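Some notes on the structure that comes next.
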Amino acid sequence: MLAVHRDVLNIVQAKFLSAEVVRSIHLNVSAIDGRRCDENRILALVEYNNSFALFILISSKIKPLSISDLSIETVIPIDEYFSCDTEPIEGSQFHIIFIITYKKIVRAFKIEIGLESSNFASEVIRSKEVSLYNKPIFVWLDKYIGTMSEPSHTSDLGQTDTPIIRQHIAQGPSGINRDSMLKYQLKLKEPEFTQKQEFSIFVGTWNVNGQPPSISLRPWLSCDENPPDLYAVGFQEIDLSKEAFLFNDTPREAEWYKYVMEGVHPKAKYKLVGLARLVGMQLVVMVNSQHYPYVKNISVDTIGTGLLGKMGNKGGVGVRMELHNTSLCFVNSHLAAHVDEYERRNQDYKDINARMNFKRTPQAIKDHEQVYWLGDLNYRITDLTTTQVKTLLNRHELPTLLRADQLNQQKERGNVLLDYEEGDIKFQPTYKYDLNTDTFDTSEKARPPAWTDRILWRGKGVYQVAYRSHMDLRLSDHKPVSALFKSEISVVDPSKYRRVHEELLKKMDKYENEYLPQVTVDQTEVVFELVKFRERQTREITIANTGMVPAEFEFIKKLDENSYCKDWLRIIPYCGSINPGEKCDVKLEVCLETDLTKIYDILVLHLKGGKDMFIIINGDCQKSSFTTSISTLCRISVPIMQVTDEQWRLALKDVSESSVLYSVPRELWLIIDHLYRHGLKTRDLFESSALHEEIIRIRDWLDFGSLDPLPGNVQAVAETLLLFLSFTKDPVIPYDVHDACIAAASNFQNCRQIVLQKVSDLHRNVFLYICMFLQEILKYSNDNGYDAKTLASLFGDILLRDQIRNSKPQASRGKSNFVYNFLVNDMSSSIMPHK
Amino acid sequence: MAKKTYDLLFKLLLIGDSGVGKTCILFRFSDDAFTTTFISTIGIDFKIKTVELRGKKIKLQIWDTAGQERFHTITTSYYRGAMGIMLVYDITNEKSFENIVKWLRNIDEHANEDVEKMILGNKCDMTDKRIVSKDRGEMIAREHSIRFMETSAKANINIERAFSELAEAILDKTAGKEPGDPIDRVMVDRRQQSNTTKSCCN
């Protein structure tokens, strides 16, 4: 491994726990999948306990120097869903595309072909193989998911596709964006933890007229006694060839860069920060290597404003960076030529400003704290002939000439470089000279001399120390210009920064806690009055939003349960959203249809992104014959509410035949006897719907016993019969013989066999008893309008009712056919009279 | 690109009998405040707090659970996501101490296998009402090889330390595996130190 890699590997490793081992890394990765392609990415293969994951890290510095330069963009577990592949890039011998696929996520990266990439790829492939043999567990990735820099990725991974479980643990705040908040607050407090330090910045510009470098640049770049802290060196017209113009590719870039590196001040070492080039424009920004660790968020951009308004023969190239805590931007521009084209030059300037985008915050040139604008701005001297200019120059009347300078005039009118400052010009015009001389243009065109090459700045704390041209460099028809600045840079005091940062974190934690959804519920225990069979009771609870953000609530199911509440309860609404200060009433409705003695449940009221509250539901239930088993009912002689505890206990145990008192339940006999006497001729006996209160009265009459006659009209009693048969604890025909009944439905003898052999005595009695009663009804079909088919289908679904209620009855036709057999054949002899 | 406000996210859980002071401990840690009115927690609530340990910013998401017996089956279903669990008893309440064993069993059954645990004997400011001696607390902790500390949310004793020790334990639970790691060695020293100075509320 390269030494550089070893350093970075250690830093990347520091991002993880010691048992999470960074197995391999790949530096200088650029994303080419529509994401921020200018950012430096590092891929890291991390192993914990035989489970591997690929981390995509973003590094704010080209080479990270500490863990705080790294942030996690995406975490991808390496399991069966993971795959990677490579693809060649057309026309490139040096780079390939590395593609990572995980379920729906596809990421593509451009990487350099070489030892590093082949090592890394083979490590990833090997880890995938290892993970196929083991059953990797990815719980350890949990803690990184919440730290990922792009929320959209979190959802990519977290919601549908990852094996990572985040059970009931919310991801925290929805109210504020911590990152931007912290950044903003830190900026506000910057004076508290920074101090201004003066840095010397050397800015140079030279139009080299397409000449290849052949002379040392030292007389220009190293003309000062002390080495500057930072260099920004701009060239124009480094290559005037068609190839450079059309393909933006030139060998001159490397050549001039080499000459710059050789020409910088010998008393210091410099490191490249950024190099931007477009056709003939080139900008090289370097820092004294001792400052390099404090440079971050470097970005470059190039803008063409030439032919068609976009070609690169004219335009600007920029490099932005942060040095310590100050944002700096350098722009090298070559604006439109020709004396009369000053408006075109103004427009080029505006276009460069409008279009240059560094794709980081701040993005635009104007948003930087300090901007240095240099280049061949091409503004000329107007209204004076060549001879006049030369005469004034000879008389050293620079002020007169500078008044005729288009840049000064346009700037004064606010048309260009409005907020920029420029130092006093005390040097000769830098254009146009005969090559290799200090003589102004002697050619036929005899262009008037002009200060085309300029350096301006804007921003607080920038002081120009020198502004000059360098006559000794005679390579081009322009002379190079340079300016030396003393600029105030905000340098962070680590201990003060730590204190401010800690305070802010505390403040933000406070915000975050305050912005969690908060509600109160007016009662956490809801007690229902005595709960009776099919008698609805409702209670209301009020959820009040006492927090600062809208609260989305939902009743959620508990582990191992399949609904958010028991089947005897309805919650309306079970989810919703409440604005701060507002309330929501939630109705809890109980309807009992089983033989519970108590209702009890704990509801979990969940706030999205917040807490869960428990609400206890409690209530005693009243016994009812409607939900009791046939065998128990046959063992009690009195109405169910009159039964003593001891009698009840015995009746529940259906062990001995001897304890059976009736061949059919007393209640069933009472209902059927009533219908037999009063309802045989009633038309549509079973079809009309009775009042709820009537049913309740009949229920109480049966359960409590009374000397009064059976209440309710005959239809209500008929409906009660259907209800009774629908809710007995066990169905008349036991669940386990339903399939056999349906299969046998076409053959009476088979049906008979089942009833005689597979159905217990008591259930057989009830079944045949009901069938006999239905046969009685059929005797009066002229009056009541019923035929055997209709009754069979009505009672089939009830006598053979399904185990799961509320769903559409299963195999209705088969059940109906089964019952039909017993309506058209006589089975009365099979009823066993009670001994 | 904005610098991340934290590097790691740890989820911690407070469990223990009703009334031992779980909510007060959390309130002291997150808001540095204390209130004497007792409101039973009926549910699961959480607060966040960012701490810095060994150069890493760690966001703690601390979940406070209902201690009442009737909620136990529900609250255990929240154990799984936790990386650290603080098991709290009340030094003035014998029963809450006896129940530690039951809570530990709960953790074994429902929490992640490698969850970091810590036992806290809370209300250690109430010396005149003390029923459970510190020795007994230490003993049960030793028996189960769990960290132990006596705390007081009211007097602000050991609250901050308890959380940072638990977070640190999560951070370097694998310290033993790499004796060569200098950072981890510092940790071990620290812990030994804290053991010897653990006498603030005897």
Side-chain angles (χ1 to χ4, degrees), chain A residues 14-15 17-20 36 39 58 60 66-69 71-72 139 142-147 149 165-173 177-183 186 297 360-361 498 502 505-506 508-510 512-513 516 521 524-525 558-560 602 604-605 610-616, chain B residues 1-11 13 30-32 40-52 54-61 63-66 68 70-71 73-83 110 112-114 170-175 177-178 180-181 183-184:
Chain A
K15 195 89 188 153
L17 303 187
S18 49
E20 297 163 3
R36 303 267 296 273
E39 279 165 335
I58 295 180
S60 63
S66 78
I67 57 165
S68 59
D69 296 334
S71 60
I72 296 170
V139 182
D142 271 14
K143 56 186 176 294
Y144 298 108
I145 298 285
T147 71
S149 54
I165 303 155
R166 274 185 293 156
Q167 188 173 343
H168 292 307
I169 302 282
Q171 214 24 261
N177 178 341
R178 277 182 79 105
D179 285 343
S180 50
M181 180 88 163
L182 183 73
K183 201 170 178 191
L186 271 176
N297 294 330
R360 311 178 165 266
T361 338
R498 206 186 165 76
E502 255 169 35
L505 280 184
K506 249 184 211 166
M508 299 220 319
D509 283 351
K510 191 166 171 275
E512 196 168 325
N513 284 326
L516 288 174
V521 178
T524 51
E525 177 148 16
K558 299 184 282 286
L559 210 64
D560 304 328
I602 299 174
V604 182
L605 174 60
K611 63 179 178 179
D612 290 359
M613 277 168 294
F614 301 152
I615 295 165
I616 301 156
Chain B
M1 149 119 250
K3 197 160 132 186
K4 293 308 298 178
T5 52
Y6 57 94
D7 301 311
L8 294 167
L9 177 69
F10 286 175
K11 293 150 192 173
L13 198 70
S30 71
D31 292 40
D32 197 23
S40 188
T41 306
I42 312 241
I44 307 280
D45 201 351
F46 72 90
K47 285 194 182 281
I48 67 106
K49 173 144 175 149
T50 314
V51 295
E52 197 166 327
R54 285 190 263 133
K56 290 190 170 81
K57 276 178 214 68
I58 299 169
K59 183 167 168 180
L60 303 178
Q61 192 179 45
W63 291 76
D64 177 25
T65 63
Q68 288 179 35
R70 52 182 171 175
F71 300 126
T73 39
I74 303 185
T75 49
T76 52
S77 66
Y78 292 83
Y79 288 18
R80 259 198 74 193
M83 300 168 186
H110 300 282
N112 291 338
E113 208 177 307
D114 57 352
I170 297 168
L171 193 59
D172 66 358
K173 77 178 81 166
T174 48
K177 290 184 191 166
E178 285 160 299
D181 190 335
I183 299 167
D184 291 326

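Residue numbers begin at 1 in each chain, while the letters A, B, ... track the order of the sequences. Worth saying up front: this structure is predicted, and the values here are computed from it rather than measured. Side-chain atoms are counted along with the backbone in the values below, which use heavy atoms only and exclude waters and symmetry mates.
- Side-chain atoms of B:T75 and A:F614, non-hydrogen and from C-beta on, do get closer than 4.5 Å to each other.
- No donor-acceptor pair under 3.5 Å is formed between the side chain of A:D612 and the backbone N or O of B:I44.
- Pairing each heavy atom of B:L8 with each of A:Y144, the nearest pair is CD2-CE2, 3.2 Å.
- Of all heavy-atom pairs between A:V604 and B:I74, the closest is CG2-CG2, 4.1 Å.
- The existence of a salt bridge linking A:E512 and B:K49 is excluded, since no basic side-chain nitrogen approaches an acidic carboxylate oxygen closer than 4.0 Å.
- Atoms OG and CG, from B:S30 and A:N513 in turn, are 5.5 Å apart once rounded to the nearest 0.5 Å.
- Separating the CD1 atom in A:I602 from the CD atom in B:Q68 is a distance of 9.0 Å, to the nearest 0.5 Å.
- In this structure the side chain of A:V521 never reaches within 4.5 angstrom of the side chain of B:I42, judged on heavy atoms.
- Salt-bridge check for A:R498 with B:E52: passed, with a basic side-chain N closer than 4.0 Å to an acidic carboxylate O.
- The pair B:R70-A:E525 counts as a salt bridge, with a side-chain nitrogen and a carboxylate oxygen less than 4.0 angstrom apart.
- For A:K558 (side chain) and B:S77 (main-chain N/O), no donor-acceptor pair under 3.5 Å exists by modelled atom type.
- Heavy-atom neighbours of A:K510 NZ from other residues, nucleotides or ligands within 6.0 Å: at or below the threshold of 12.
- Heavy atoms of A:I616 lying under 4.5 Å from chain B belong exclusively to its side chain.
- B:D114 touches chain A through its side chain: at least one heavy atom from C-beta onward sits under 4.5 Å away, while N, CA, C and O do not.
- Taking CG of A:L516 as the start and CG of B:D45 as the end, the distance is 8.0 Å to the nearest 0.5 Å.
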